[in-house]
K.L.:
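One structure is given below, represented as structure tokens, and several questions about it will come after.
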Number of protein chains: 2
Amino acid sequence: MAVTLDAFDRKLLAEVQRDAQVPQNELGTRVNLSTAAVNRRLRRLAEDGVIDRYAAIVSPEKVGCPLTIVSMVEVESEQIDLLDSMKRTFEQCPQIQQCYYVAGEWDFVLILTARDMEQYNDLTRQLFFSNNNVKRFKTLVSMSRVKVGLGVPVDIDG
Amino acid sequence: MAVTLDAFDRKLLAEVQRDAQVPQNELGTRVNLSTAAVNRRLRRLAEDGVIDRYAAIVSPEKVGCPLTIVSMVEVESEQIDLLDSMKRTFEQCPQIQQCYYVAGEWDFVLILTARDMEQYNDLTRQLFFSNNNVKRFKTLVSMSRVKVGLGVPVDIDG
DNA sequence: TCTGAAAATGGACCTTT
DNA sequence: AAAGGTCCATTTTCAGA
């Protein structure tokens with residue numbers, strides 16, 4: 001599953017995770033490689049799925065979603081088809097940025113973004129109260145998004 | 001803080017959040033605008049901070065970070081400088097993808113990525129056990145990353 | 001690694017509302 | 001003024017030698 005990456009690949013990945021807009025010739029001077037080599041490596045990293053995709057990161061506040069909420073959900077039954085159905089529901093909800101199926105005191109952890117508490121209450125009704133398989137859930141309202149990203153460390157370690 | 005967005009802006013934001021690599025002329029045909037208009041709007045969205053940045057999303061598994069963990073932390077004291085110091089520590093840790101300062105039963109929620117459990121244990125020592133201001137913490141190990149993204153809904157609602 | 005063609009970006013300028 | 005469209009220059013990407 002994992003892929004072999006050399007020091008150049010790692011540097012490139014670190015760069016493009018931070019900023020995917022810097023041109024390949026600039027990347028070349030930063031990592032000490034020709035533009036063409038950078039081009040080939042980035043293409044290969046994308047082909048191999050190391051780079052999953054390129055995305056614009058938009059500011060939630062600026063588009064009227066100032067509220068970030070962490071919800072934890074415990075299910076009634078862990079029957080496969082019930083779980084799958086819940087996963088699909090969570091995946092499809094546009095306000096759910098992230099959903100992790102976890103082991104421990106809870107079964108799902110969700111990161112949500114919402115316009116206001118009213119919208120979150122609505123979501124709560126749709127996602128939790130009207131779902132028979134939700135035993136209980138807990139809400140943690142974010143007061144500050146201290147760090148937000150999907151960056152993966154590639155610097156030295158594996 | 002929020003910004004006024006028309007239907008064109010919203011469509012463009014939806015597109016580039018999903019895939020930032022589609023060229024502006026293609027975006028133009030999709031949203032019914034000339035290439036130049038798309039160019040101008042994207043530039044303005046970036047200048048206004050609506051688009052925070054462009055980033056490559058890399059697959060954690062492929063680079064040897066198959067483990068995703070959600071940690072919740074309760075602090076001993078909420079004294080400002082102690083909190084700030086913790087926030088800085090969390091921000092700087094490369095394995096911490098996200099850190100939310102929350103209200104409720106816990107004070108911080110962290111999303112971490114790690115090579116293996118041993119690395120997580122090390123992090124645990126560095127971040128939690130050796131920090132006097134950590135009263136307790138809880139670990140939820142992700143078995144499945146059902147949905148992972150930073151996408152913000154821009155379709156219809158504000 | 002270099003060179004050059006094709007593609008994409010972004011500015012100039014004019015037109016519309 | 002604010003925003004769109006067309007055209008053109010510049011920059012960037014990317015393949016072949």
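Residue numbers start from 1 in every chain, and the chains themselves are labelled A, B, ... in the order their sequence lines are given, proteins ahead of strands.
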K.L.:
For nucleotides 4-8 of chain D, list the nitrogen or oxygen atoms of the protein found under 3.5 Å from its nitrogen or oxygen atoms, one pair per line.
P.N.:
unit_1	atom_1	unit_2	atom_2	d
D:dG4	OP1	B:R41	NH1	2.1
D:dG4	N7	B:R40	NH2	3.3
D:dG5	OP2	B:S34	N	2.9
D:dG5	OP2	B:S34	OG	2.7
D:dG5	N7	B:R40	NH2	3.0
D:dG5	O6	B:R40	NH1	2.9

K.L.:
Expressed in angstrom and rounded to an integer, what is the separation of A:L27 atom CG from D:dT12 atom P?
P.N.:
11 Å
K.L.:
Please step through side chain to side chain contact (heavy atoms under 4.5 Å, CB included) for the pair A:D19 and B:R53, ending with a clear verdict.
P.N.:
CA-CA 7 Å; A:D19 181 0; B:R53 60 191 239 270; 5.8 Å; no
K.L.:
Charged N to carboxylate O below 4.0 Å: is that the case for A:D6 and A:K11?
P.N.:
no
K.L.:
Does a salt bridge link B:K147 with A:E91, judged by any charged N lying under 4.0 Å from a carboxylate O?
P.N.:
no
K.L.:
Which is the 5'-most and which the 3'-most nucleotide of DNA chain C that has an atom under 4.0 Å from a heavy atom of chain A?
P.N.:
C:dT1 to C:dC2
K.L.:
With heavy-atom distances below 4.5 Å as the criterion, would you say the side chains of A:F108 and A:F90 are in contact?
P.N.:
yes
K.L.:
Within this structure, what is the CG-to-P distance between A:N39 and D:dG16, rounded to whole angstrom?
P.N.:
12 Å
K.L.:
Taking A:V73's backbone N and O only, do any of them form a donor-acceptor pair with A:K138's side chain (distance below 3.5 Å, no angle check)?
P.N.:
no
K.L.:
Please walk me through it: do B:R40 and B:E47 pass salt bridge (Lys or Arg N to Asp or Glu O under 4.0 Å)?
P.N.:
CA-CA 10 Å; B:R40 276 190 294 261; B:E47 272 169 10; over 6 Å; no
K.L.:
Are OP1 or OP2 of D:dT13 and a side-chain N or O of A:R43 less than 4.0 angstrom apart?
P.N.:
no
K.L.:
Flag the pair B:S142 / B:V70 as yes when at least one side-chain heavy-atom distance between them is below 4.5 Å, and no otherwise.
P.N.:
no
K.L.:
Starting at CG of A:N25 and ending at P of D:dT10, how long is that distance when rounded to a whole Å?
P.N.:
17 Å
K.L.:
Regarding A:R30 and A:E26, does a basic nitrogen lie under 4.0 Å from an acidic carboxylate oxygen?
P.N.:
yes
K.L.:
Specify the separation, in whole Å, of atom CG of A:L45 and atom C1' of D:dT13.
P.N.:
16 Å
